[in-house]
Amino acid sequence: MTETGPIVVFANFLSDLAVDLDEGQILTTWAQQAPRKAWLLRPGDVFVTPVRLSREFLRYVYSLTGVPPESAAVIEVPPAGAVPLAQAVREAGLVERVRALAGDRGAALLPTALDASAIAFARDIGIDVHPYPTVEAAEAALKTTMALNTKTGFRETAEQLGMRLPTGRMCRRPEVEGVARDLLRDHERVVVKPDRSAGGHGMRFVARDDLRSGVGLPLDTVGGPEGLWVVEEHLDVAESVSVQVEVSTSGTRALFSGAMRTVQGSFTGYASPLPPSCAHVAGELEEWGTALGRHLADHGYAGPFGLDALVDTDGVAYASESNIRRTATTTPHAMVARLTAGSANAHPAWSVSKGWTRAPMDFDGALARLRASRLAFDPDRGEGAVLYADAPPDGRSWRYVLIARSAGDVGEQETALAEVLEFEGG
């Protein structure tokens, strides 16, 4: 962010942008990642978070970003169940505090998800929505934003823009089994996706034998009894990749690309740049991302988004979905760029991932291990490990970012980190 005015970092992971609010448990789990947004803070900024941040983590963030602790405000919103963050702020009686910190200084709201609740909240406290010139401009982009965070909306738009897609069909929930049977006549396996889903939530992989037993096709409750679903051929995937793009007043540009780590279709990590095995698809990815960015700009959208694709074992890329919001890689990338600016590592390779320690530990304990082993991020070298999302509630499931000069060096760091923090399987 290059703007000089204050930003209200609004960690509204509890949003209906990608998943229905009825899916409360998965949204609450995602919200545990809110502390990572602290890496975006600058002097004068305000952070509204649904998750408490440890003092140790904030001290660590400020020490690496150079932000004086007293210059940024952190507002921790008490738990209010599976409701939008704006509603939780109101229920906690914190609206006036946010307004007092932001409303008279020309601040703008920076939501994780551009949704109706966040737009209404910005209007309530009298500020704009970053990076839009007005609240009305942000509101005008909402229809397209919502549509392209769905599987059906993406397929329709991607076809219009000429992207290569897996063979598939859109249907209502009662039709899913029949559509799956039709596609399984020509394909060994299919993947079944709810229309509104993120991170692999609700996704199922179905083989021919699964439907020969006569027990039917059980589906997740997401989307309700008449919800939309997409059934696609299951590709023989070598890599899951993505390109992250930004739409601004100066045009559309690709920011970075990389390979996702997934388990059964669920996102578990990311590495940038693209590995050599699929570097050849970078140009096509950027072409697709830029085309989608122009489409979004034509419909009023501004800000970052991600376009995901699958690379099959023949090396052919297929577009799979778009995430029109700040994604799981937007903040880590911004953090990496910020921490390496002016260092000896001008063009870093990096990865974000998660590991489980054999025994629980607190934040200072984990950080002490990194420092003792010389794995902790070094600002002068622009390399090392960053504990970027605070201590996990269970003390064991740690999220981290590794920054190095090359992908090979990142891999060596990961091996060392697993040993130092005593990860399971490490």
Engineer: Tell me, with the steps shown, if Glu284 and Arg164 meet salt bridge (charged side-chain N to carboxylate O under 4.0 Å, His left out).
Structural biologist: CA-CA 10 Å; Glu284 191 165 43; Arg164 186 183 304 107; 3.1 Å; yes

Engineer: For Asn345, does its backbone N or O pair with a side-chain atom of Ser343 as donor and acceptor, under 3.5 Å?
Structural biologist: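 Checked: pair present.
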
Engineer: So does Lys143 have more than 12 non-hydrogen atoms from other groups sitting under 6.0 Å from NZ?
Structural biologist: no

Engineer: Once you round to the nearest 0.5 Å, how far does CD of Glu239 lie from CG of Leu274?
Structural biologist: 8.5 Å

Engineer: Any chance the side chains of Gln87 and Glu91 put a donor and an acceptor closer than 3.5 Å?
Structural biologist: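 Indeed, the side chains of Gln87 and Glu91 share at least one donor-acceptor pair under 3.5 Å.
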
Engineer: Closest heavy-atom contact between Gly289 and Thr252?
Structural biologist: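 Closest heavy-atom pair between Gly289 and Thr252: O-CG2, 4.4 Å.
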
Engineer: Minimum heavy-atom separation for Pro332 and Val401, please, with both atom names.
Structural biologist: CB-CG2, 4.3 Å

Engineer: When rounded to the nearest 0.5 angstrom, what distance separates CZ in Phe363 from CG in Leu58?
Structural biologist: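 So the gap between those two atoms works out to 9.5 Å.
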
Engineer: Could you tell me which non-hydrogen atom of Ser117 sits nearest to which non-hydrogen atom of Ala86, and how far apart they are?
Structural biologist: OG-CB, 3.3 Å

Engineer: Are Tyr400 and Tyr388 close enough that their ring centres sit under 6.0 Å apart?
Structural biologist: no

Engineer: Quick one: closest heavy-atom pair of Ser397 and Trp356, and the distance?
Structural biologist: CB-NE1, 3.4 Å

Engineer: Would you check, one step at a time, whether the test salt bridge (charged side-chain N to carboxylate O under 4.0 Å, His left out) holds for Glu136 with Arg123?
Structural biologist: CA-CA 9 Å; Glu136 290 71 26; Arg123 183 174 280 119; 3.7 Å; yes

Engineer: Within a strict 4.5 Å, meaning less than it, do heavy atoms of the Trp229 and Val179 side chains meet?
Structural biologist: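 Result no, sub-4.5 Å side-chain heavy-atom pair not found.
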
Engineer: To the nearest 0.5 Å, tell me how far Ser353 OG sits from Leu417 CG.
Structural biologist: 9.5 Å

Engineer: May I ask you to decide if Ala34's main-chain N or O and Thr49's side chain share a donor-acceptor pair within less than 3.5 Å?
Structural biologist: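 Not at all, since once roles are kept as given, no pair shorter than 3.5 Å links the two residues.
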
Engineer: Val281 and Gly315: which non-hydrogen atoms are nearest, and at how many Å?
Structural biologist: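 It is CG1-O, 3.9 Å.
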
Engineer: Does a side-chain N-to-carboxylate-O contact under 4.0 Å join Glu96 and Arg90?
Structural biologist: no

Engineer: Verify whether the ring centers belonging to Trp350 and Phe256 lie closer than 6.0 Å.
Structural biologist: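 Here the rings of Phe256 and Trp350 have centres that are less than 6.0 Å from each other.
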
Engineer: So, does Tyr270 use its side chain to make a donor-acceptor pair with the main chain of Ala259 at under 3.5 Å?
Structural biologist: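 Here the side-chain-to-backbone pair does not exist.
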
Engineer: Do Arg169 and Asp182 pass the salt bridge (charged side-chain N to carboxylate O under 4.0 Å, His left out) test, and can you show the C-alpha distance, the side-chain angles, and the key distance before you say yes or no?
Structural biologist: CA-CA 10 Å; Arg169 284 167 54 187; Asp182 286 346; 3.3 Å; yes

Engineer: Show the numbers, then the answer: is there a side-chain contact (heavy atoms from CB on, under 4.5 Å) between Thr144 and Leu148?
Structural biologist: CA-CA 6 Å; Thr144 296; Leu148 278 162; 3.9 Å; yes

Engineer: How many angstroms lie between CD in Glu159 and CG in Leu165, if you round to the nearest 0.5 Å?
Structural biologist: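 Going from CD on Glu159 over to CG on Leu165, the span is 5.5 Å.
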
Engineer: Is a side-chain N or O of Thr330 found less than 3.5 angstrom from the main chain of Thr327, in a donor-acceptor match?
Structural biologist: yes

Engineer: Keeping the roles fixed (side chain from Glu175, backbone from Arg172), state whether a donor-acceptor pair exists under 3.5 Å.
Structural biologist: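 Yes: the side chain of Glu175 pairs with the backbone of Arg172.
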
Engineer: Could you measure the distance from the CG atom of Asp308 to the CH2 atom of Trp288? Nearest 0.5 Å is fine.
Structural biologist: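 Asp308 CG to Trp288 CH2: 11.5 Å, rounded to 0.5 Å.
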
Engineer: Are any side-chain N or O atoms of Thr415 and backbone N or O atoms of Gly411, one a donor and one an acceptor, separated by less than 3.5 Å?
Structural biologist: yes

Engineer: Taking Arg155 first and then Glu232, would you say they form a salt bridge - that is, a charged N and a carboxylate O separated by under 4.0 Å?
Structural biologist: yes

Engineer: Output yes when a side-chain donor or acceptor of Arg396 lies under 3.5 Å from a complementary backbone atom of Thr357, and no otherwise.
Structural biologist: yes

Engineer: Could you measure the distance from the CG atom of Asp390 to the OH atom of Tyr60? Nearest 0.5 Å is fine.
Structural biologist: 11.0 Å

Engineer: Do Arg189 and Phe205 have side chains that get closer than 4.5 Å, going by heavy atoms?
Structural biologist: yes

Engineer: When you measure from the side chain of Arg204 to the backbone of Pro218, do you find a donor-acceptor pair of N or O atoms at a distance under 3.5 Å?
Structural biologist: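 Indeed, once roles are kept as given, a pair shorter than 3.5 Å links the two residues.
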
Engineer: Between Val67 and Ser71, is there a side-chain heavy-atom distance shorter than 4.5 Å?
Structural biologist: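 Sidechains of Val67 and Ser71: in contact.
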
Engineer: If only atom types and distance count, is the side chain of Thr134 paired as donor or acceptor with the main-chain N or O of Ala137 below 3.5 Å?
Structural biologist: yes

Engineer: Describe, in one word, how the ring planes of His295 and His299 are oriented to each other, choosing from parallel (under 30°), tilted (30 to 60°) and perpendicular (over 60°).
Structural biologist: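 Taking His299 first and then His295, their aromatic rings sit tilted (interplane angle of 30° to 60°).
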
Engineer: Does any non-hydrogen side-chain atom of Met260 lie less than 4.5 Å from one of Ser242?
Structural biologist: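 Ser242 vs Met260: side chains touch.
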
Engineer: Compare all side-chain heavy atoms of Val8 with those of Leu110 and state whether any distance is below 4.5 angstrom.
Structural biologist: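 No, side chains not in contact.
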
Engineer: Is any NZ, NE, NH1 or NH2 atom of the basic residue among Glu321 and Lys151 found under 4.0 Å from an Asp or Glu carboxylate oxygen of the other?
Structural biologist: yes

Engineer: Under a 3.5 Å distance rule, please check whether Asn12 uses its side chain to pair with a backbone N or O of Pro111 as donor and acceptor.
Structural biologist: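 No, the answer is negative, given that no donor and acceptor are paired below the 3.5 Å cut-off.
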
Engineer: Is any side-chain heavy atom of Val245 closer than 4.5 Å to one of Leu307?
Structural biologist: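 No. Closest side-chain heavy atoms not under 4.5 Å.
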
Engineer: Of all the heavy-atom pairs spanning Met163 and Leu292, show the shortest one and how long it is.
Structural biologist: CE-CB, 4.1 Å

